Amino acid sequence: MSKVPIWIDSDCGVDDSVALFAAFKLENAEIKGISAVAGNVEEEKTFLNIRNIAHMAKRNDIKVYHGAEKPLILPLETAKHVHGENGLGDIIIEESQVPHETEKAWDVLYRVAKECNGELVVITLGPLTNIAIALGKYPDLEKYIKKILMMGGAVIGGNATPCAEFNVFADPHGAEVVFKSNIEKVMFGLDVTLKAYIDLDDIEEIKEHGSVAANYFYQAVKPSLKFYEDIGMEGKTCMHDTCPVLYVGYPELFSGEVCGVYVETEGKVTMGKTVCDRESNFKFDKRDTLVIFDVDQQKFSAKVKEIVKSI
Ligand code: RIB
Ligand code: CA
């Protein structure tokens, strides 16, 4: 069976690093490249984090590219309170010695998308800035991208504001470009990612495995338990970014509905909200986003444990 060509765009924080572990282990996919974007922390740090996580997983074969250092219009607002100053919970891991790529993410993404003849699946784990820049610079790019699987948005609630999820809130204008594009989209918003959690027993089980990756995972993920306890999810921590990645290999774990989704880019209170027409009798004309609402949490957490132990 031919492998699905995938491109990953990440603001490599703690949950991104687990998602990258999962991507490295997808048996039905070929990673054509990974691009860094500013989000959880500055782009220079997300770039190095991606490289060093790939190094930890012995995947120095995968090329990593620099991307946007700030959102399209807004100033950069990071999430260091969640991911630490370096983005990986301030855990120091061995550095990759692979020479740095010099081409920019959007230029390589366009070239790779054309080479893949429209089969490329793009997985975004952070703000959508790089994808928006690529679509702006190369207007015909959208016909070469088969679909975009994005961790971002929320039909209900928010984690950056009461109604906006961080990745969309960080760059609502970038997100708007992507949602307005004609690319098929699958949105893994907080509606499903808050159900995609692992618990204290899972974390301890991984710790007992004792590998370099398991020890990193334990040290990086454990502090997030306090963050989730404060939002009423005691003993749990969400693997937001692993959702779109596991969807590539195990779509049966997830379920959703095709909806119309647009991004608020002007509201003082609602900036960054993904407005979805699921609950409305008024439906948008353009309904091309599969919004994921549910995940088999038991199978999800078992897969996360299996993956981290296998790195
Ligand atoms: O809202 C969760 C998202 O914001 C995740 O991608 C996390 O890494 C942060 O980027
Ligand atoms: Ca992320």
Side-chain angles (χ1 to χ4, degrees), residues 7-23 34-43 45-50 53 64 67-68 70-71 74 76-91 105 122-131 148-172 174-175 178 186-198 217 220-221 223-224 227-228 230-231 233 236-247 263 271-274 291-292 295 300 304:
W7 180 279
I8 302 171
D9 190 71
S10 171
D11 63 336
C12 198
V14 172
D15 66 317
D16 299 67
S17 66
V18 182
L20 291 177
F21 285 154
I34 304 178
S35 45
V37 65
N40 286 323
V41 292
E42 296 82 357
E43 189 273 348
K45 295 175 183 174
T46 66
F47 174 74
L48 296 175
N49 288 345
I50 295 166
I53 288 293
V64 183
K70 67 172 292 296
L74 299 180
L76 175 61
E77 274 193 41
T78 65
K80 291 180 179 177
H81 61 293
V82 177
H83 297 269
E85 181 61 35
N86 79 347
L88 298 182
D90 291 328
I91 309 305
V122 173
I123 303 173
T124 64
L125 311 179
L128 290 159
T129 318
N130 286 343
I131 313 306
I148 292 181
L149 314 180
M150 66 180 78
M151 191 281 133
V155 174
I156 295 171
N159 61 2
T161 73
C163 65
E165 176 278 329
F166 176 81
N167 285 337
V168 174
F169 180 73
D171 189 352
V178 174
V186 186
M187 173 178 137
F188 297 80
L190 296 178
D191 316 281
V192 66
T193 67
L194 286 174
K195 299 172 185 174
Y197 62 80
I198 60 173
F217 177 91
V221 167
S224 66
F227 178 82
Y228 285 96
D230 292 345
I231 63 169
M233 294 181 69
K236 296 171 182 171
T237 183
C238 297
M239 298 287 105
H240 302 279
D241 290 337
T242 302
C243 288
V245 172
L246 285 189
Y247 183 78
V263 180
M271 176 66 90
K273 176 164 182 55
T274 44
V291 180
I292 303 296
V295 60
F300 177 89
V304 169

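Sequence positions, counted from 1, serve as the residue numbers for this chain. When a ligand or atom number is given, it counts from 1 through the structure's own listing order. Values in this document were obtained by computation on a predicted structure and should not be read as measured data.
Looking at Val14 against ligand 1, nothing comes within 4.0 Å, counting heavy atoms. The proximity of Asn159 to ligand 1, defined as any non-hydrogen pair under 4.0 Å, is limited to the side chain. For Asp11, every heavy-atom contact with ligand 1 shorter than 4.0 Å involves the side chain, none the backbone.
Looking from atom 2 (C) of ligand 1 to the surrounding protein, the closest heavy atom is Glu165 OE2, 3.4 Å. Summary of contacts: the protein heavy atom closest to atom 8 (O) of ligand 1 is Asp15 OD1, 2.5 Å. In terms of protein heavy-atom proximity, atom 9 (C) of ligand 1 is closest to Asn40 OD1, 3.1 Å. The protein non-hydrogen atom at the shortest distance from atom 6 (O) of ligand 1 is Asp241 OD1, 2.6 Å.
Residue Asp16 has at least one heavy-atom neighbour below 4.0 Å for each of these atoms of ligand 1: 8 (O). Distances below 4.0 Å separate heavy atoms of Leu125 from the following atoms of ligand 1: 6 (O), 10 (O). Set against the non-hydrogen atoms of Phe166, the atoms of ligand 1 under 4.0 Å away are 1 (O), 4 (O), 9 (C), 10 (O).
Atoms CG and CG, from Leu88 and Asn40 in turn, are 9.5 Å apart once rounded to the nearest 0.5 Å. The CD1 atom of Ile131 sits 9.0 Å away from atom CE of Met150, with the distance rounded to the nearest 0.5 Å. Here the CG-CG distance, from Asp11 to Asp16, works out to 4.5 Å after rounding to the nearest 0.5 Å.
With a cut-off of 3.0 Å, the Ca ion (ligand 2) has an N, O or S atom of Asp16 in range.
Asp11 contributes atom OD1 as its closest N/O/S atom to the Ca ion (ligand 2).
Take the Ca ion (ligand 2) as the corner point: the lines to OD2 of Asp241 and to O of Leu125 open at 90°, to the nearest 10 degrees.
When only modelled atom types and interatomic distance are considered, Thr124 and Asp9 share no side-chain donor-acceptor pair under 3.5 Å.
Without hydrogens or angle criteria, Asn167 side chain to Met151 main chain gives a donor-acceptor distance under 3.5 Å. Using modelled atom types, one side-chain atom of Glu43 and one backbone atom of Gly67 make a donor-acceptor pair closer than 3.5 Å. A donor-acceptor pair is defined here as one N or O able to donate and one able to accept, closer than 3.5 Å; such a pair exists between the side chain of Lys70 and the backbone of Leu74. Under a 3.5 Å cut-off, the side chain of Thr161 and the backbone N or O of Ala164 do form a donor-acceptor pair.
The N/O atoms of Met151, backbone and side chain alike, include none that comes under 3.5 Å of an N/O atom in ligand 1.
At most 12 heavy atoms of other shown residues, nucleotides or ligands fall within 6.0 angstrom of atom CD1 in Ile156.
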